[in-house]
Amino acid sequence: MMPLLTTKGLSRNFGGLRAVDGVDFALMPGEIRAIIGPNGAGKTTFVSLLSGRIRPSAGMVVFDGADITTMPAYRRVRLGVAYTFQITSVFANLTAFDNVALPVQRTLTDGRSKGQVRNGVMAALERTGLADRAGTLAGQLSYGHQRLLEVAMGLALKPRLLILDEPTQGLADSEIDNFITLVREIAKDATVLLIEHNMPVVMQLADRITVFNFGKILAEGTPEQIRANGQVQDAYLGATHD
Ligand SMILES: Nc1ncnc2c1ncn2[C@@H]1O[C@H](COP(=O)(O)OP(=O)(O)OP(=O)(O)O)[C@@H](O)[C@H]1O
Ligand SMILES: [Mg+2]
């Protein structure tokens, strides 16, 4: 089987800081991959290079066989790469419906009708449990629901790869259970790449885990392998973090 996404020597410097440092990475279609690692390890920078939000200093990104290293983010979305931000990025004074409709209208210019857009938006809101909030202003949703709304914004783009950056941050325990169910549902027809600090969520969801430390991949393996890895214990699992 061909990987859906690979990186070769992917690097990003900020001044003298090597935030992402020569990363070789491969993601198989259909898998749920978690990225974990200490604060500042380069996780958000890495997925920002995959989504096209920022450009690499060196290296390449290949998606479905095509070199997308310098492709703008909106074109990557059209290829099927969707991304939600670590920090809530919904528009507070738009309704939940309009928040989801906006990225669809902005990027999927394939001549879909208003009705098709509407159905796609409602389907994404339904999958995330927000259908009954479609008309609510996003700013009036709970923080947890705003995070779910971001997932809906990604889902409405019909991604082949959905990248989620700390989606459970700020969710209540009951919402986390629903989130785990939702990601398993999404993974039936998409690949999911998830940055996550909540280890129970990682252990329950991930097929494989990639551990970042100082901009490099420290370890990669199944949840069992990562749990048993002494280096990972030292760098991350044993340490306190948010
Ligand atoms: N735009 C930027 N300009 C300068 N430095 C940056 C920028 N973005 C990230 N960095 C630095 O790059 C390093 C990696 O940051 P990044 O946000 O990728 O880490 P992270 O693993 O996502 O951390 P966290 O778990 O806290 O979200 C950090 O030292 C950070 O301060
Ligand atoms: Mg981050």
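Numbering of ligands and ligand atoms starts at 1, following listing order. We count residues from 1, following the sequence as given.
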Quiz item: In chain order, what residues pass the side-chain contact (heavy atoms from CB on, under 4.5 Å) check against Asn178, with sequence neighbours excluded?
Solution: none
Quiz item: Between Phe25 and Phe46, is the ring centre distance below 6.0 Å?
Solution: yes
Practice problem: Would you mind reporting whether Asp67 and Met60 have side-chain heavy atoms less than 4.5 Å apart? | Solution: yes
Practice problem: Assess Gly215 for proximity to ligand 1: is some non-hydrogen atom of it under 4.0 Å away? | Solution: no
Quiz item: Within less than 2.8 Å of the Mg ion (ligand 2), any N, O or S from Thr44?
Solution: yes
Quiz item: Is it the case that His197 and Glu166 place a side-chain donor and acceptor less than 3.5 Å from each other?
Solution: yes
Quiz item: In Å, rounded to the nearest 0.5 Å, how long is the span from CG of Asp132 to CD of Glu126?
Solution: 10.0 Å
Self-check item: Closest candidate by heavy atom, reference atom 2 (C) of ligand 1, pool Phe14, Phe212, Phe214
Solution: Phe14
Quiz item: Short N/O distance, under 3.5 Å, between Gly40 and ligand 1?
Solution: yes
Quiz item: For ligand 1, is any non-hydrogen atom under 4.0 Å from Pro38's backbone (N, CA, C, O), its side chain (CB onward), both, or neither?
Solution: backbone
Quiz item: When you check the side-chain N and O atoms of Glu220 and Thr210, is any donor under 3.5 Å from an acceptor?
Solution: yes
Practice problem: Select one of side chain, backbone, both or neither to describe which atoms of Leu17 lie under 4.0 Å from any atom of ligand 1, heavy atoms only. | Solution: side chain
Self-check item: Subset of ligand 1 atoms that lie under 4.0 Å from at least one heavy atom of Glu166
Solution: 25 (O), 27 (O)
Quiz item: How long is the gap from CD1 on Ile32 to CZ on Arg184, to the nearest 0.5 Å?
Solution: 7.0 Å
Self-check item: Any Gly42 heavy atom less than 4.0 Å from ligand 1
Solution: yes
Quiz item: If we only count N/O pairs under 3.5 Å, is Ala41 in contact with ligand 1?
Solution: yes
Practice problem: Look at atom 18 (O) of ligand 1 and find which of Ile35, Leu49, Asn39, Thr45 reaches it with the closest heavy atom. | Solution: Thr45
Quiz item: Strictly by modelled atom types, are Thr44 and Asp165 linked by a side-chain donor-acceptor pair under 3.5 Å?
Solution: yes
Self-check item: Where ligand 1 meets His197 - atom numbers and elements under 4.0 angstrom, heavy-atom basis
Solution: 25 (O)
